[in-house]
Structure formats: C-alpha cells, structure tokens
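Since the structure comes first, as structure tokens, the remarks are kept for the end.
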Number of protein chains: 2
Amino acid sequence: MISKIYEILSRSPIFRDISPEKIEEMVTRFRYNIRTYKKGNTITLRGEPCEELMIVIKGTVKGEMIDFKGKAIEIEMISAPRPLAPAFLFGKHNRFPVDVVASEEVVLLSIPKSSLINIFQSNATVLNNFLNIISDRTQFLSDKLWFISFKSIKEKIAHYILSLLKKGKNTVMLPKNQQELSEFFGVTRPSLSRVFAELEKENILFYDRRKIIIKDRDKLNEILKEDL
Amino acid sequence: MISKIYEILSRSPIFRDISPEKIEEMVTRFRYNIRTYKKGNTITLRGEPCEELMIVIKGTVKGEMIDFKGKAIEIEMISAPRPLAPAFLFGKHNRFPVDVVASEEVVLLSIPKSSLINIFQSNATVLNNFLNIISDRTQFLSDKLWFISFKSIKEKIAHYILSLLKKGKNTVMLPKNQQELSEFFGVTRPSLSRVFAELEKENILFYDRRKIIIKDRDKLNEILKEDL
C-alpha cells in the first residue's frame, strides 16, 4: 500500500502537476499520519477542530448531519484522492462543518497544518494548488449566494407588489422609498435595485421612483408559482 | 510617503504580526507597484482578471455595480490598510466581482501573484495570514448560504402546508414523500429534513412521514409574514 500512496496522491488536486517521487520526498520530510477506518467508523464530528489536511487515499467517506429525530442525512460523498474540507483548515473557525463517516474501508493520509505550511514553503506548485482549491470554493459560494438571495428577493418583491395591487388596476404607488423597502425586506439596496432592474428588463413592470406600472401581471404571478 | 508605506502595511491583515522593517525587506525583494488614483478614477472593472494583490495604502475605494438604468450602486467601501478581493486572486475564475472606483485620492500597493507566492514561500506568517483571510471568507459565505437557504425553504414549506390545509382542520396528508418534496422545492433532502425538524422543535407542527399535525397555526402564518 505505502508504495502506491504517492501514485494516488499525484492524482489529488492538492498535488496536481507533481510527480509521485517528489510528493514522497515532500510528505515524508515532515510529520504526517496514515490511518485506516472500517466501514461505519466515525472519522470526525461536526464542530471538531480541523487541524490536519486529510486526503482520502483509498475508499469513500460520507459527510453527514444528524437531524432532529437522530437520523443521519448524507450531505456529500468524498472518494480517493480528494481532500476533506480544505477550506475549513485555516481561518478563525477551523471546525469540520459535518460529521465524517467511512462508507467502506478507508485509508486517510493526514498532514498537520504545520507540516502543510512547510510543504507550501518548499513547493510553489502545491501552494498554488491549495490556494486555487480554496479560492474556487469561495467564488462558487459567492456566486451561489448571489443567485439564491436574488431569487428570494424577487419572490418577496413580487408578493409585495401583488399584495398592493388593487383589482382591475395596473399601477401601484409604493408606500416606501427604496431605502425603506430594503430595510423592510432585510436586504441591501444594491440587491433590491438589481431585482427591480431585472423585472423591468423582463418586461414585467416599469418603475419610476415609487410608481410601479405592471406590464405583465401573469408573469409577476408566475414568480410566486416558481416558489412552490 | 514611501517611508510610511511599510508602517501602514504592518497594520494590514495580510502583514499581521510582521514588523515594518521585515515587510519592506520582503516586498522590495520582489516586483511590486505603487499607483495613485484621483477621486472618481476607475481602478478596475467587474470581470477584469485579478492578477495582483492590491492593498489600499491611503484613502478609500468603493466597490460598485452598474444597474440596468446605468446608475452606480455602491456595494462596499474598503479603506487603508485593507486588501481588495483577496479571495478572487487565485482560483479558476480570478476576476474582480465588482467595479472598483477611488472615493478620494487613493494610493494602492499592488503585488503580482508571482511575487506574492515568493513572499509566501519566504515568510510563513504572511502565508498563514493570507490562508486565514480567504478561509474566513469561505466559512462566512458557507454559513450565510446555509442560513439564507434555510430561511427560504422554511417559507416555502409554510406556504405549501397552509395551501393544503382545509378550513377548520389541523391535519394535512402530504401528497408527496420527502424525496418528491425536495425535488418539488428544488432543494436537497438534508435541508428539507432540517427545516421540518426545526418546525417540530419550535412546536409549530408534528410530523410522521406524510402526516402533518399543525400545533400552532398562528406561528406557521407568522413565518410568511416575516417574509415581508
């Protein structure tokens, strides 16, 4: 097994573009651990400090959360040769976001933070790989957050306007200005403005300050139907 | 000004715990730039590649987005000695997420990615600081995303159950199982389960498979009112 480890690690995103020989040289120079887990073993619990970079060498682990009724809910499967939660190793709240359980027999290589810093300083490629992995994660979350909050604000605004719209009318005078509206919805002004602009772009409404002219009431209703 | 730069940088989160003398030694060893912008100058545009770490040395910049009507909407103000978008420097999509404009006379120190990697390799403290900064960002976004999607799913479920609830009744038999429901709402099963568990914990309802017993209809209604 040991001889194959560096071959496997060379396929891991952390060690991308580095030869198995070079990886062996780097990893064995500093402190590291290899641990084996049987199927069903708990590897770590949500909230435990994350002090080592763990890389799956063999098998698959699952990230789980326990629901209110004590039932385990699977969040994510991570197979060899992927690392576990690399974006949770540094930072002020470096704790595992989920429970991690072995789905089958699992071998993990663990590199303590201090050894990892040594490896980063000895090899710019590993450092770049790691920075790319966690930056990708941040950028993915940032996009997703933008998309979700945008969708949710759109639904709120549609609901609000429809609730103010009198039967047979197609004009609404908003009782609040944009600043008050954003506070009312608990969102930032830029997000609110962006949603109004999008509704106008989609030809659903036209707005001028507080005055809203509905151009397509069916489409406005549809936004709420997408909700369910 | 030049003599004061390293004093200012020593207060930046990037150079935390490093003396001005040491910072000067590190930064001047590699390629870097100092640029001055007048009030209102555009420093970079949303979507431009982010290839240098920019740190505000003097003044304040604002992150802006342009709305549909061509109006600039302010997203964030960044003052000396903070870095600009450090989590967007590495990764596959290393582009600025917003336009950056000088709010007053601004001096920026820019360190190209390659120089930054050199600095990281020569000083473990700077490396740790940078990893902490971008990991904090990821963890913040991850928590926020969890919270927002949770809140939005809760509203959807409340809306859905209330729409099925017949007048005078307090029991609903859901026409879909949890798997079908999660597909219907476009959310993951773990998130759905967590929301149902929370509703039970708050004594709003009790559930057993598809059967829902409403224990507090007013509170269920309130979830939708929070929406506006």
Side-chain angles (χ1 to χ4, degrees), chain A residues 64-65 67-69 71 73-75 87-95 97 113 117-118 120-124 127-128 130-146 148-149 151-152 155-156 159-160 163 184-185 188-190 193-194 196-198 200-201 226-228, chain B residues 64-65 67-69 71 73-75 87-95 97 113 117-118 120-124 127-128 130-146 148-149 151-152 155-156 159-160 163 184-186 188-190 193-194 196-198 200-201 227-228:
Chain A
E64 286 184 346
M65 292 191 65
D67 78 2
F68 185 62
K69 300 208 157 171
K71 218 180 109 219
I73 309 159
E74 192 185 299
I75 307 279
F88 290 83
L89 183 56
F90 292 89
K92 275 193 281 287
H93 307 284
N94 58 324
R95 294 173 178 280
K113 243 158 111 165
I117 290 283
N118 287 329
F120 290 159
Q121 294 205 280
S122 72
N123 189 296
L127 172 56
N128 253 303
F130 190 81
L131 289 171
N132 285 334
I133 293 167
I134 60 176
S135 300
D136 279 347
R137 186 78 195 150
T138 314
Q139 290 156 31
F140 166 80
L141 290 173
S142 171
D143 283 353
K144 200 167 169 183
L145 191 61
W146 184 264
I148 289 190
S149 30
K151 191 165 166 284
S152 134
E155 288 165 0
K156 287 182 189 180
H159 199 276
Y160 181 67
S163 73
F184 183 59
F185 289 128
T188 63
R189 268 193 71 175
S193 299
R194 213 175 149 232
F196 269 106
E198 170 97 5
E200 193 166 82
K201 200 175 162 191
E226 282 168 26
D227 194 21
L228 288 184
Chain B
E64 288 185 344
M65 292 191 67
D67 78 3
F68 184 60
K69 301 207 157 169
K71 215 181 111 221
I73 309 158
E74 190 185 301
I75 307 279
F88 290 82
L89 183 57
F90 293 90
K92 275 193 281 287
H93 309 283
N94 57 325
R95 293 174 179 280
K113 241 159 112 164
I117 291 284
N118 287 329
F120 289 161
Q121 293 204 281
S122 72
N123 189 297
L127 172 56
N128 252 305
F130 190 81
L131 289 169
N132 285 334
I133 292 167
I134 61 177
S135 300
D136 278 347
R137 187 77 194 150
T138 315
Q139 289 155 30
F140 167 80
L141 289 173
S142 171
D143 283 352
K144 199 166 167 181
L145 192 60
W146 183 264
I148 288 190
S149 29
K151 190 164 167 283
S152 134
E155 289 166 358
K156 287 182 189 180
H159 200 275
Y160 181 67
S163 73
F184 183 60
F185 289 128
T188 62
R189 267 194 70 177
S193 298
R194 210 173 153 235
F196 270 106
E198 171 98 4
E200 193 166 84
K201 201 174 160 193
D227 195 19
L228 290 182

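Just so it is clear: chains get the letters A, B, ... in the order the sequence lines come, proteins before strands, and each one is counted from 1. None of the values given here were measured: they were computed from a predicted structure.
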Atom pair NE2/CD of H159(B) and E155(A) - distance to nearest 0.5 Å: 9.5 Å

One should read off an interatomic distance between I117(B) CD1 and Q121(A) CD, to the nearest 0.5 angstrom, of 11.5 Å

Please flag which part of F130(B) lies under 4.5 Å from any non-hydrogen atom of chain A: side chain, backbone, both or neither. side chain

Relative to chain A, which segment of N118(B) carries a heavy atom at a distance below 4.5 Å: side chain, backbone, both, or neither? neither

Return the minimal non-hydrogen interatomic distance between [X] and [Y], and the atom names on each side.
X	Y	value
T138(A)	T138(B)	OG1-OG1, 2.8 Å
D136(B)	G91(A)	OD1-CA, 3.1 Å
S135(A)	A87(B)	CB-O, 3.8 Å

Contact winner vs chain A - K113(B), Q139(B), R137(B), heavy-atom pairs under 4.5 Å: Q139(B)

Can you find a pair of side-chain heavy atoms, one from I134(A) and one from L131(B), that are under 4.5 Å apart? yes

Residue from F140(A), F88(A), F90(A), F196(A) scoring the most non-hydrogen pairs under 4.5 Å with chain B is F90(A)

Shorter than 4.5 Å, heavy atoms on both sides: which option in N132(A), D143(A), N94(A) has the most such pairs with chain B? N132(A)

